[in-house]
Amino acid sequence: MRNFSVFFGKEWMETIRSRKLFILAAVFAFFAILSTVMARYMPEILGWAMATGGDGFVIEMPDPTWIDAWMQFYSNLTQIGMFCILFIFMNIISGEKNSGSAALTLTKNLSHTTFVMAKFFMALLVFVLALVASVLITYGYTHFFFGESGQIMHVLGGALSFTVFVGFMISIIIFSSTISKGTAGSAAYSIIGYFVLILVGIISRIERFWPYTLVSRALNFTMGEPISDFIITFLITLAATALLLILSIRILKKQEI
Amino acid sequence: MSNAIEVKNLTKQFGVQKAVNDASFTVKKGAVCGFLGKNGAGKTTTIKMLVGLSNPTAGQISLLGEERHHGSNNNCKIGYLPDVPNFYGYMTAREYLNFCGKLYNFDDKKLKSRIDDCLKQVSMHDVKKRISTYSRGMKQRLGIAQALINEPEIVFLDEPVSALDPMGRHDIMELIKSLQGTTTIFFSTHILSDVEDICDHILIIEKGKILTDDSMLNLKKKYAENAILIKLFTGEDANKFIGVLENRKEFSFERINPSEIIVRSDNVYNLSKQMMNLLAESDNTLESFRAYTPSLENIFMEVTKNA
């Protein structure tokens, strides 16, 4: 456990000095502000666009609500936010293997398990810190523009759902980075993994058993849908995360570094 | 004295090629063992297997009596410097050693003094820059410091002085010499003069096979010849003396540079007497005259020439 905290400390130093936390937090904060502002002013922007260039064609749009702000927020995080996470962490294992720093670290008093788990939890912590900041911003702005932001417990439920999925995504990135020799391979495997998750997630029959549901339902949880209906999805996602991490550790242990 | 390293029938195969082929050797505790070989002979592959970074195709490794396996995390008693060390560039040398030391559960007070000692040993105690700005030589010095931070019983150094300037090389060799007797040092190099000065055990590997496994003293004895090295003041003197030697069929000779000649005979005692007489007769100006002992380079060339 002591060596976990030592290596976790090293990962934290790397996160701060390489500005990973700052970059991810800045991107998420930008989306938080943008999402609320876009939700609030999108009907007016569209109305203005139609009036100036739409040849008299008018679309009746309902008044925006706080739900639109959260919908924009999760939509941005699911698309660009997820690729930011991928970009920042894609060489999480392969980077150390290729540079040779892993060879030095793993010939010290550090197990492969600690090496992988510390990296997983640090990546997750970086995401959670960025997410907490962006959720707070979205919550505040949404309240400012719309007078309400949803119940705090529901908002936290949505964020928790998204976090559990991102934990699974990080385990995919770690697994990809372990089995591939370079950053490109790691990124390619992770992107393929992500698209498989999205595409298979479309099949409604398996929705309840598929990790991507935690992303597609994050907005519903924010709106008040009970998380308890999807406990099985959470459990399956957590189990899949654990499985990928165990596999990564085993593969790394057998690899020649 | 018991053995620090025991290797039995160690083999590493990449496809059809055997990078290490049935290697067996032992290194005694406290010995400084020079591991010599040409580029691609199998030195780095062997060291990687010894430290657990590479999986042997066959064979056993035992360090300090404990069997060693690929991926083993039981590394408290060993130190390792790879041939091209790479660190976390965003750290300073002190921060890196602090990180390494904490992995060995040193308490803060002891770790601080250990870091100071290690940095002084490699002449880096006043370097405050981040590692990303270091030259290769500085990285190699830090690599040696991190290999020693845990006061290991065995240190594996893969080409520890290859990137160092002559002064740096001298300092590191002195450092290795100072560890002799207390720490087992296993280091690979192709700078043979360094090995000759400090090693008490020599392993020569060629095409994955261990060709020589012996003490420096025994090797010198084994490859000693009934020969005398004669050094004359000028090349012209040497030419004159060669003219004399050519008429004497009982000797064989070899000119190793313009003014130096090695003369061989079956009887080294008679040889020296006869050479003195011949030199006096031929009116040559002699600079030095001594029994010829082969250098490690000569031994290495001899051992590997037919491999």
Side-chain angles (χ1 to χ4, degrees), chain A residues 1-23 88 91-119 122 126 178 181-182 246-257, chain B residues 12 14 19 44-45 47-57 68-92 95-107 111 130-132 139 142-143 146-147 149-150 152 154-156 158:
Chain A
M1 195 58 202
R2 188 187 142 94
N3 282 357
F4 178 87
S5 67
V6 173
F7 195 69
F8 195 73
K10 171 254 156 196
E11 286 290 309
W12 177 250
M13 185 190 273
E14 184 174 323
T15 299
I16 298 299
R17 292 193 180 170
S18 64
R19 298 187 176 88
K20 281 178 189 168
L21 177 60
F22 173 76
I23 293 166
I88 286 174
N91 64 351
I92 191 165
I93 305 283
S94 59
E96 285 223 25
K97 281 194 299 182
N98 293 340
S99 72
S101 53
L104 277 176
T105 308
L106 289 170
T107 48
K108 295 191 164 42
N109 197 23
L110 185 80
S111 71
H112 292 71
T113 307
T114 307
F115 183 83
V116 170
M117 293 311 291
K119 282 184 173 290
M122 181 50 67
V126 170
T178 305
K181 285 188 176 155
I246 291 166
L247 280 174
S248 302
I249 292 162
R250 290 203 167 188
I251 291 167
L252 183 67
K253 210 167 179 179
K254 285 187 188 252
Q255 279 176 343
E256 309 219 341
I257 298 167
Chain B
K12 179 69 188 180
F14 295 109
T44 296
T45 308
I47 291 178
K48 279 191 163 185
M49 287 191 281
L50 291 174
V51 298
L53 286 175
S54 180
N55 191 16
T57 309
R68 183 96 185 149
H69 299 286
H70 173 227
S72 167
N73 298 117
N74 185 15
N75 297 323
C76 286
K77 293 175 182 171
I78 70 160
Y80 168 56
L81 168 72
D83 50 348
V84 185
N86 230 322
F87 311 94
Y88 303 116
Y90 51 84
M91 290 185 183
T92 63
E95 283 169 344
Y96 186 73
L97 293 183
N98 189 54
F99 161 67
C100 296
K102 280 187 170 172
L103 286 176
Y104 293 109
N105 301 330
F106 280 116
D107 65 60
L111 180 56
R130 285 194 183 173
I131 298 169
S132 57
K139 282 185 182 172
L142 176 59
Q146 63 80 33
I149 190 76
N150 56 323
I154 309 174
V155 184
F156 296 94
D158 195 357

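Letters A, B, ... mirror the listed sequences (proteins, then strands); counts begin at 1. Atom set for the values below is all heavy atoms of this structure, side chains included, hydrogens, waters and symmetry mates excluded.
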Check whether [X] gets within reach of chain A through its side chain, its backbone, both or neither, counting any heavy atom under 4.5 Å.
X: K12(B); result: side chain
X: N98(B); result: neither
X: E95(B); result: side chain

For residues [X] and [Y], determine if any side-chain heavy atom of one lies less than 4.5 Å from a side-chain heavy atom of the other.
X: R250(A); Y: H112(A); answer: no
X: F115(A); Y: L252(A); answer: yes
X: L104(A); Y: N86(B); answer: no

I'd like to know which of [options] tops the heavy-atom pair count under 4.5 Å against chain B.
options: K108(A), K253(A), K254(A); answer: K108(A)
options: A102(A), S111(A), G100(A); answer: S111(A)
options: V6(A), I257(A), T107(A); answer: T107(A)
options: G9(A), S99(A), S101(A); answer: S101(A)

- Message: Determine whether the aromatic ring centres of residues Y96(B) and F87(B) are separated by less than 6.0 angstrom.
- Response: yes
- Message: At a heavy-atom distance under 4.5 Å, which candidate from N55(B), L81(B), N75(B) has the highest pair count against chain A?
- Response: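 Heavy-atom pairs under 4.5 Å are most numerous for N75(B).
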- Over 60° means perpendicular and under 30° means parallel, so classify the ring planes of F99(B) and Y88(B), tilted if in between.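 Geometry flag for F99(B) against Y88(B): perpendicular rings.
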- Task: Heavy-atom distances under 4.5 Å only: say whether E14(A) touches chain B with side chain, backbone, both or neither.
- Result: both
- Exceeds 12 heavy-atom contacts within 6.0 angstrom, atom CZ of R2(A): yes
- Message: Is it the case that atom NZ in K102(B) sees more than 12 heavy atoms from other parts of the structure closer than 6.0 Å?
- Response: no
